Amino acid sequence: MTRFSLLAALLAAAVSTVNAQTSTECQPLTHDCPADPALGTSHTWNFSSNSLLDSTWNVTNGAVDYTDSSLKLSIQKKMDSPTFKSNFYIFFGRMEYHVQAAPGHGVISSVVLESDDLDEIDWEWVGSENTQVQSNYYGKGITLPHTGQTHNISGSTTDAFHNYTTWWDKDKLEWWYDGQLLRTLTYDNATNSSGTWYPQTPMTIRVGMWPGGDPSEPNGTIIWAGGEIDYNAGPYNMYVSQLSAQDFSTGKEYSYNGHSGTWQSINVVAGNSTAEATLNTVHESLAQKWANLSSGSKIAIYASAGGVAAIGLMVLLFCCIKQRRVGKREWNVQNNKFMQERTEMMNMQAEWRQKGYVEMK
Ligand SMILES: *[C@@H]1O[C@H](CO)[C@@H](O)[C@H](O)[C@H]1NC(C)=O
Ligand SMILES: *[C@@H]1O[C@H](CO)[C@@H](O)[C@H](O)[C@H]1NC(C)=O
Ligand SMILES: *[C@@H]1O[C@H](CO)[C@@H](O)[C@H](O)[C@H]1NC(C)=O
Ligand SMILES: *[C@@H]1O[C@H](CO)[C@@H](O)[C@H](O)[C@H]1NC(C)=O
Ligand SMILES: *[C@@H]1O[C@H](CO)[C@@H](O)[C@H](O)[C@H]1NC(C)=O
Ligand SMILES: *[C@@H]1O[C@H](CO)[C@@H](O)[C@H](O)[C@H]1NC(C)=O
Ligand SMILES: *[C@@H]1O[C@H](CO)[C@@H](O)[C@H](O)[C@H]1NC(C)=O
Ligand SMILES: *[C@@H]1O[C@H](CO)[C@@H](O)[C@H](O)[C@H]1NC(C)=O
């Protein structure tokens with residue numbers, strides 16, 4: 001286990017404990033539910049061992065890990081199904097996912113938009129079919145024939161990152177692969193005289209893997225998943241290097257007015273979203289926390305980081321402490337965001353390290 005995966009596991013453990021206690025699903029088609037927190041803006045997350053999931057996301061099952069240039073999910077043993085999801089909602093939008101799917105029979109990688117009333121917009125990859133990607137959608141959780149499609153693509157889904165982009169507005173849904181339009185679904189295509197199955201309510205983003213080929217799954221699922229999974233041949237890894245979300249609505253939160261589940265019934269509550277505030281302040285607060293540490297703690301952190309990592313950390317921190325003296329405003333316009341994120345994540349790790357150090361004493 002690398003230092004970074006240890007950190008991720010700690011974060012995930014802390015988060016999943018909380019989740020288990022507070023999970024309160026509310027079905028807006030039958031109940032009056034609390035409003036959904038909005039994203040209300042656009043943001044790009046570039047994941048790496050120096051740029052972890054921030055608090056606008058929760059790991060809801062298993063653990064996440066990181067590489068130098070991506071977030072990594074793994075199936076290592078029976079029934080592993082690591083998943084993380086956004087704490088924010090998007091009410092129509094454009095999502096761009098840079099994904100390298102996991103290989104293997106029975107191994108499913110997925111990126112899903114899902115609303116509280118179970119509208120859903122999916123990308124799914126079957127690990128044994130690396131020249132194909134599947135698109136699918138659900139309206140109000142109802143399974144209908146022919147909503148899922150399989151697309152043949154050029155290149156390998158499991159050997160390289162590709163750009164999977166979803167465009168979702170009130171009139172149409174599009175699935176794009178590396179700049180090529182694979183599929184369009186219009187509102188009309190998903191609507192007839194008995195109703196509409198067009199996804200149209202505020203969605204969270206969920207990224208995950210699951211063993212569709214586990215022997216406990218129904219036959220049909222195992223066949224769809226490309227056969228039974230061989231756990232001994234794992235681990236099976238899925239990678240996400242970049243994720244962008246553009247919320248077409250701007251506001252603080254989204255609430256259901258009545259129980260129809262139509263887009264017309266969604267109230268966009270004006271105000272600044274918590275997610276946006278978090279994204280704007282997460283960097284600053286971590287840097288400040290570091291600055292507030294006593295020099296004794298900092299030395300302890302250098303010591304526990306050990307070797308090359310400690311030297312790297314010191315160089316980075318020296319750079320940034322010096323930089324901060326130049327003034328925060330100037331620092332922000334340095335247009336060196338990568339360096340900034342890297343440093344902050346180092347600080348965050350340092351924070352965790354410091355907690356461990358304190359607890360050991
Ligand atoms: C996400 O985790 C945090 C704790 O880290 C918790 O307060 C929050 O309720 C969780 N949110 C969701 C949507 O599960
Ligand atoms: C996709 O490729 C498979 C063979 O690899 C072929 O049988 C199938 O017809 C192709 N589908 C389309 C839509 O081209
Ligand atoms: C990803 O694909 C979308 C849709 O074609 C495109 O708009 C976007 O620019 C692409 N992103 C990158 C980084 O090329
Ligand atoms: C989908 O709807 C569009 C118009 O919105 C129509 O032109 C097209 O034929 C429809 N396609 C299918 C498969 O129903
Ligand atoms: C409308 O579409 C649904 C789902 O495809 C189907 O079950 C239903 O029979 C259709 N109703 C009519 C009146 O065509
Ligand atoms: C489907 O299920 C039957 C009975 O449980 C089993 O004998 C058969 O091997 C299964 N087929 C596949 C492809 O898993
Ligand atoms: C939203 O943020 C802007 C700028 O940060 C601020 O001027 C405005 O007062 C905020 N609005 C609310 C409702 O908090
Ligand atoms: C994220 O990665 C993309 C593509 O590598 C790059 O264009 C963009 O500047 C990066 N954004 C940040 C905030 O690092």
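Only a predicted model underlies this, so the values are computations on that prediction, with no experimental measurement involved. All ligand and atom numbering here is 1-based and tracks the order in the structure.
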ask   = Should the ring pair Tyr198 and Tyr187 be called parallel, tilted or perpendicular, given that the plane angle runs from 0 to 90° and is split at 30 and 60?
value = tilted
query = Parallel under 30°, tilted from 30 to 60°, perpendicular over 60°: which one fits the rings of Tyr164 and His162?
reply = perpendicular
key: Donor-acceptor contact present, side-chain Asp169 to main-chain Asp171, <3.5 Å   = yes
task = Please tell me if the side chains of Met79 and Ser216 come closer than 4.5 Å, counting only heavy atoms from C-beta onward.
result = yes
Protein contact for atom 2 (O) of ligand 2 (heavy atom, distance under 4.0 Å) = yes
task = Report, in ascending order of atom number, the atoms of ligand 5 lying under 4.0 Å from any heavy atom of Leu144.
result = 4 (C)
request  = List every atom of ligand 3 that sits less than 4.0 Å from any heavy atom of Asn163, numbering the atoms from 1 in the order shown and giving each element.
outcome  = 1 (C), 2 (O), 3 (C), 8 (C), 10 (C), 11 (N), 12 (C), 14 (O)
query = So do the side chains of Gln100 and Thr157 get within less than 4.5 Å of each other, counting heavy atoms only?
reply = no
query = Relative to the heavy atoms of Glu96, which atoms of ligand 3 are at a distance of less than 4.0 Å?
reply = 1 (C), 8 (C), 10 (C), 11 (N), 12 (C), 13 (C)
request  = Check whether any protein heavy atom sits under 4.0 Å from atom 8 (C) of ligand 2.
outcome  = yes
request  = Please work out whether the ring planes of Phe47 and Phe84 are parallel, tilted or perpendicular, with thresholds of 30° and 60°.
outcome  = perpendicular
remark   = for atom 12 (C) of ligand 5, nearest protein heavy atom and its distance come out as Asn192 ND2, 3.3 Å
task = Between Asn152, Thr131, Ile153, flag the one that comes closest to atom 6 (C) of ligand 2 by a heavy atom.
result = Asn152
ask   = Which atoms of ligand 5 sit under 4.0 Å from any heavy atom of Ser193?
value = 13 (C)
query = For atom 14 (O) of ligand 2, is the nearest protein heavy atom closer than 4.0 Å?
reply = yes
query = Measuring from the heavy atoms of Arg94, does anything fall under 4.0 Å of ligand 3?
reply = yes
key: Contacting atoms of ligand 3, where contact means under 4.0 angstrom from a heavy atom of Gly179   = 5 (O)
message = Are the side chains of Trp224 and Glu124 in contact, using a 4.5 Å heavy-atom criterion?
response = yes
message = I want to check a possible cation-pi pair here: Arg94 against Trp167, using under 6.0 Å from ring centre and within 45° of the ring axis as the test.
response = no
inquiry  = Return the closest protein heavy atom for atom 11 (N) of ligand 5 as residue, atom name and distance.
reply    = Ser194 OG, 2.7 Å
